[in-house]
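Okay, here's the structure, questions in a sec.
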Amino acid sequence: MSFPADRPRRLRQSPAMRRLVRETHVQPSQLVLPMFIAEGISEPRPIESMPGVVQHTRDTARKAYAEAAALGLGGVMLFGVPEHKDAQGSGALDPDGILNVALADARAEVGDDLPIMSDLCLDEFTDHGHCGVLDAQGRVDNDATLEIYAQMGVVQAESGAHVVGPSGMMDGQVGVVRAALDDSGHDDTVILAYAAKYSSAFYGPFREAVASSLTGDRKAYQQDPANARDAIREVLLDIEEGADIVMVKPALSYLDVIADVRATVNVPVAAYNISGEMAMVEAAAANGWIDRERTIDEIITSIRRAGADIVLTYWAAELAARLDRQS
């Protein structure tokens, strides 16, 4: 009887051996926790479609910032949920608006020990729910929106953000934000560009999380899920305009795009493990159909394996705590 010369199973025979040859690792410092801070609530408000995730009060958010720093997370990404909205999204520019005061709270709580990141977009603040202001025909006005984004970047930096995340998929958004930051003396503020953000069905639970007012869809400015080369074009434009980090969103249905971006650029690549991806796992686990922790581990590892240096995930704190117990 002849035997195989190569026996790959030798390297899988025990947990210790598998650890020795493991190619992809997940560390707390690679994970960023998205958080929602709501105006006008006295206690955390659960988000039904995202089990375990809440809209925070300012006080409970402060505790979460401290916990994230203690866990050694890579950062927190903050989203504001205002009580009042208007067509211009004016709450986004108000230094006393919920997102900007949350940024100030976070910076006061953790200083420079934890990167504080801020979503830079109008969708949470507009009564029509779009990521920009509308023209007379009801279309998103790209260039008028850029003027507001530039102001938002400065306000967020002044409020305490280490990192701003332009996420509206407006053409030229990174360039105008970079110029505004530099002109206002915030040349050390990092831009994490939502460079390849797709028009996805997986955003559904997020709409609940931010109490979205959206009618219609965002297909005219977010990317077509059928296109991959288009993502590379967007990423390269953002880097040319001054992006320090580029992001692919969503993650799971776009692992090929993450890999293509990682192979193309020499800046850090982030990926957002979004609300719908999380909700599917939680629902299946609640029905006893899958092993929840193993599934979470496999998903985050797959995003890292595809090439993401940074993963935004609602499981960040839970996963970091579990990694700490295993070490």
Side-chain angles (χ1 to χ4, degrees), residues 24-37 44 47 50-80 99 102-120 156 159-165 167 189-194 206 209 244-251 258 267-275 277-278 281-282 292-293 296-327:
T24 305
H25 297 271
V26 177
Q27 302 294 335
S29 61
Q30 299 160 342
L31 306 175
V32 172
L33 177 66
M35 293 178 57
F36 305 100
I37 300 88
I47 300 167
M50 300 172 67
V53 181
V54 301
Q55 292 177 346
H56 281 281
T57 69
R58 288 177 65 185
D59 285 340
T60 62
R62 288 187 186 96
K63 296 175 183 176
Y65 308 143
E67 178 189 29
L71 288 168
L73 291 185
V76 289
M77 173 65 78
L78 305 191
F79 297 85
L99 178 55
L103 289 168
D105 290 343
R107 193 62 177 267
E109 185 69 37
V110 298
D112 294 331
D113 293 338
L114 177 75
I116 307 302
M117 306 180 182
S118 183
D119 181 60
L120 199 166
Q156 291 180 358
S159 296
H162 297 97
V163 181
V164 296
S167 64
T189 301
V190 172
I191 293 181
L192 188 168
Y194 287 60
F206 180 89
D244 301 289
I245 305 169
V246 293
M247 183 155 70
V248 176
K249 181 182 180 182
I258 296 170
V267 302
V269 175
Y272 199 142
N273 173 218
I274 67 169
S275 60
E277 297 167 350
M278 178 236 188
V281 173
E282 296 292 351
R292 180 179 177 277
E293 289 192 357
I296 292 170
D297 291 350
E298 190 170 339
I299 285 173
I300 302 305
T301 299
S302 76
I303 297 168
R304 287 274 298 117
R305 190 184 65 242
D309 305 291
I310 301 161
V311 181
L312 281 73
T313 175
Y314 300 98
W315 294 311
E318 173 191 341
L319 186 52
R322 185 146 45 85
L323 290 167
D324 183 62
R325 290 195 299 272
Q326 293 170 357
S327 63

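Throughout, numbering of the chain's residues begins at 1 and tracks the sequence.
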(request) Identify the heavy atoms of P268 and I245 that sit nearest to each other, and give their distance. (result) O-CG2, 3.4 Å
(request) I would like to know whether I116 and V76 meet side-chain contact (heavy atoms from CB on, under 4.5 Å); could you show each step before the answer? (result) CA-CA 6 Å; I116 307 302; V76 289; 3.8 Å; yes
(request) Apply side-chain contact (heavy atoms from CB on, under 4.5 Å) to the pair K249 and L312, showing each step before the final yes or no. (result) CA-CA 10 Å; K249 181 182 180 182; L312 281 73; over 6 Å; no
(message) Can you tell me how the ring of Y314 sits relative to the ring of F36, calling it parallel under 30°, perpendicular over 60° and tilted otherwise?
(response) parallel
(request) Kindly write out the residues that satisfy salt bridge (Lys or Arg N to Asp or Glu O under 4.0 Å) with R304, not counting sequence neighbours, or none if the list is empty. (result) none
(message) Could you check whether E282 pairs with R292 (Lys NZ or Arg NE/NH1/NH2 to Asp/Glu carboxylate O, under 4.0 Å)?
(response) yes
(request) Might you point out which heavy atoms bring L103 and S118 nearest each other, and give the distance in Å? (result) CD1-OG, 3.5 Å
(request) State, to 0.1 Å, how close L319 and V26 come at their nearest heavy-atom pair, and which atoms those are. (result) CD2-CG1, 4.2 Å
(request) Indicate the atoms forming the closest heavy-atom contact of A161 with T189, along with that distance. (result)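 Where A161 meets T189 most closely, the heavy atoms are O-CG2, 4.2 Å.
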(request) Starting from the C-alpha separation in whole Å, work towards a yes-or-no answer on side-chain contact (heavy atoms from CB on, under 4.5 Å) for H162 and D112. (result) CA-CA 8 Å; H162 297 97; D112 294 331; 2.9 Å; yes
(message) Once rounded to the nearest 0.5 Å, what's the spacing between atom CD of E67 and atom CD of E109?
(response) 12.0 Å
(message) Given V163, which partner from the list V190, V32, L120 fulfils the side chain to side chain contact (heavy atoms under 4.5 Å, CB included) test?
(response)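 It is V190, the one option of V190, V32, L120 that forms the side chain to side chain contact (heavy atoms under 4.5 Å, CB included) with V163.
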(message) Going by salt bridge (Lys or Arg N to Asp or Glu O under 4.0 Å), name the residues that satisfy it together with R58, two or more places apart in sequence or in a different chain.
(response)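 With sequence neighbours excluded, R58 shows a salt bridge (Lys or Arg N to Asp or Glu O under 4.0 Å) to D105, given in chain and number order.
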(message) Please report the interatomic distance CD1(I303) to CD1(I258), rounded to the nearest 0.5 Å.
(response) 6.0 Å
(message) Can a side-chain donor-acceptor contact be found between R62 and H56 if the only test is distance below 3.5 angstrom?
(response) no
(request) Find the distance between CG (L78) and CD1 (I37) and round it off to the nearest 0.5 Å. (result)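 Reported value, rounded in 0.5 Å steps: 4.5 Å.
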(message) For A251, is there any backbone N or O sitting under 3.5 Å from a side-chain donor or acceptor partner on E277?
(response)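 Such a contact is found between E277 side chain and A251 backbone.
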(request) Identify the two heavy atoms, one from L99 and one from G80, that lie closest to each other, and give their separation to 0.1 Å. (result) CD1-N, 3.8 Å
(message) Going by side chain to side chain contact (heavy atoms under 4.5 Å, CB included), M117 matches just one of L33, V164, L192. Which one?
(response) L192
(message) Ignoring hydrogens, what is the shortest heavy-atom contact between G165 and Y194? Give both atom names and the distance.
(response) O-CE1, 3.5 Å
(request) Find out whether P250 and I274 are in side-chain contact, i.e. whether some heavy atom of one side chain is under 4.5 Å from a heavy atom of the other. (result)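 Yes, close enough: below the 4.5 Å cut-off.
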(message) Nearest 0.5 angstrom please: L114 CG to S29 OG, how far?
(response)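 Going from the CG atom of L114 to the OG atom of S29 covers 11.5 Å.
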(message) Strictly distance-based, threshold 3.5 Å: is any side-chain N or O of E318 a donor or acceptor partner for the main-chain N or O of W315?
(response)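 Judged by distance alone, no pair lies under 3.5 Å.
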(message) Is it the case that the side chain of T301 and the backbone of E298 share a donor-acceptor pair, with hydrogens and angles ignored and the cut-off at 3.5 Å?
(response)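 Answer holds: no.
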(request) Test T313 against M278 for side-chain contact (heavy atoms from CB on, under 4.5 Å), laying out the working first. (result) CA-CA 8 Å; T313 175; M278 178 236 188; over 6 Å; no
